[in-house]
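Worksheet: the structure to be examined is printed underneath.
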2 protein chains.
Amino acid sequence: MNSEFTIAVHSLVLLAYRLDHMATSDMIAANVCTHPARVRKVMSCLKKQGYVATKEGTGGGYALNCNPAEVTLAQIYRATSIGSLKPSWCSGNEEEDCMIACNMADVMDQIFSEAEEQMLAFLSRVTIHDVLNRIREVQSGKT
Amino acid sequence: MNSEFTIAVHSLVLLAYRLDHMATSDMIAANVCTHPARVRKVMSCLKKQGYVATKEGTGGGYALNCNPAEVTLAQIYRATSIGSLKPSWCSGNEEEDCMIACNMADVMDQIFSEAEEQMLAFLSRVTIHDVLNRIREVQSGKT
DNA sequence: TCTTACTGTTATTATAATTATTACAGATTA
DNA sequence: TAATCTGTAATAATTATAATAACAGTAAGA
């Protein structure tokens, strides 16, 4: 699993949290702890799906363009990381005579893809707003 | 996700498929397409959980020590790869003042761990025997 | 008892994937 | 026209993963 999903969720939660629901890639990058160019790459993907609006030039940046109580982590995962559950390394070899060796990669593909759908079923029950609430809970639990 | 889970499943399926339910690390490695030492490392983990028996010395190797119709992929995943869903990269920074930045990593940890449990719920419905059957299906579908 | 064939494990090297960084074109504001 | 932003691609650095080598220990059989 790469971490673009994490960055996307963090960015959206941050935008939802901020009163003006806006931030530049520099501000988001400082909060997330990564490079602004990486944030822009992820945000550009969220923009294509309509979750954020962007504005170039002075005073520009990213603005939340969705209802955080409605957008789910499943939608974000599909936008940024679908297919990343499966490891890139593949078992067996299609050229082999052995039935196991030449079909295992296919079957593991099936299984990882079904497992990913199960995971998505869970993520579809968690919204950006829920994540923000979880953060508030963790924070208030710190005495 | 690392691929030790895949190697473990492949190895068990291969053992279940073979009439004598036995194989050496060299034989398994050739089938899986990896190095025998890697197979031994994974098998050593399966042995600790009792899924296979091992015998050192001439004529030795690995023998299936479980019922392939009962052992599930969830058990194998827990034995080899639990925790590997979560990316190693972490968002935010605990030292920050910002509530989002300093708690996001914790909350994403929660979420990845719950998502992993959902995935496990699916994997617990797939046995080694089921994987073998899927391979037979794919094979027979090849005209 | 000596040789051969295994597992078990660690250390090291090689490769691949991920992340960080740089660079710059294009947009917008003042 | 200078300053500030996004968008994107190219490259460098870092980290994770996999392959390989090496060798101690165990067992079988000549």
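In the text below, chain A, chain B and the rest are named by the order of the sequence lines, each starting its count at 1.
A donor-acceptor pair is defined here as one N or O able to donate and one able to accept, closer than 3.5 Å; no such pair exists between the side chain of A/H21 and the backbone of A/A63. Remark: side-chain polar atoms of B/Q49 are not paired, donor with acceptor, to backbone N or O of B/L46 under 3.5 angstrom. Between the A/E116 side chain and the A/G83 main chain, a donor and an acceptor come within less than 3.5 Å of each other.
Of the residues in residues 38-58 of chain A, A/R40, A/S44, A/K47, A/T54, A/K55, A/E56, A/G57, A/T58 come within less than 4.0 Å of DNA chain D through at least one heavy atom, sorted by number.
For B/Y62 and C/dA5, the OH to C1' distance is 13 Å, given to the nearest whole Å. For A/D26 and D/dC5, the CG to P distance is 7 Å, given to the nearest whole Å. Look at NE2 on B/H35: it is 15 Å from C1' on C/dT15, rounded to the nearest Å. When the C1' atom of C/dA17 is taken as reference, atom CH2 of B/W89 falls 16 Å away, rounded to whole Å.
Side chains of B/R40 and B/T54: a donor-acceptor N/O pair is absent below 3.5 angstrom, by distance only. With hydrogens and angles left out, the side-chain atoms of A/R78 and A/S124 include no donor and acceptor closer than 3.5 Å.
Under 4.0 angstrom from either OP1 or OP2 of D/dA19 there lies at least one side-chain N or O belonging to B/T34. When the side-chain nitrogen and oxygen atoms of A/S88 are compared with OP1 and OP2 of D/dT17, none of them lie within a distance under 4.0 Å.
Between atom OG of residue A/S84 and atom CG of residue B/L85 there is a gap of 8.5 Å, rounded to the nearest 0.5 Å.
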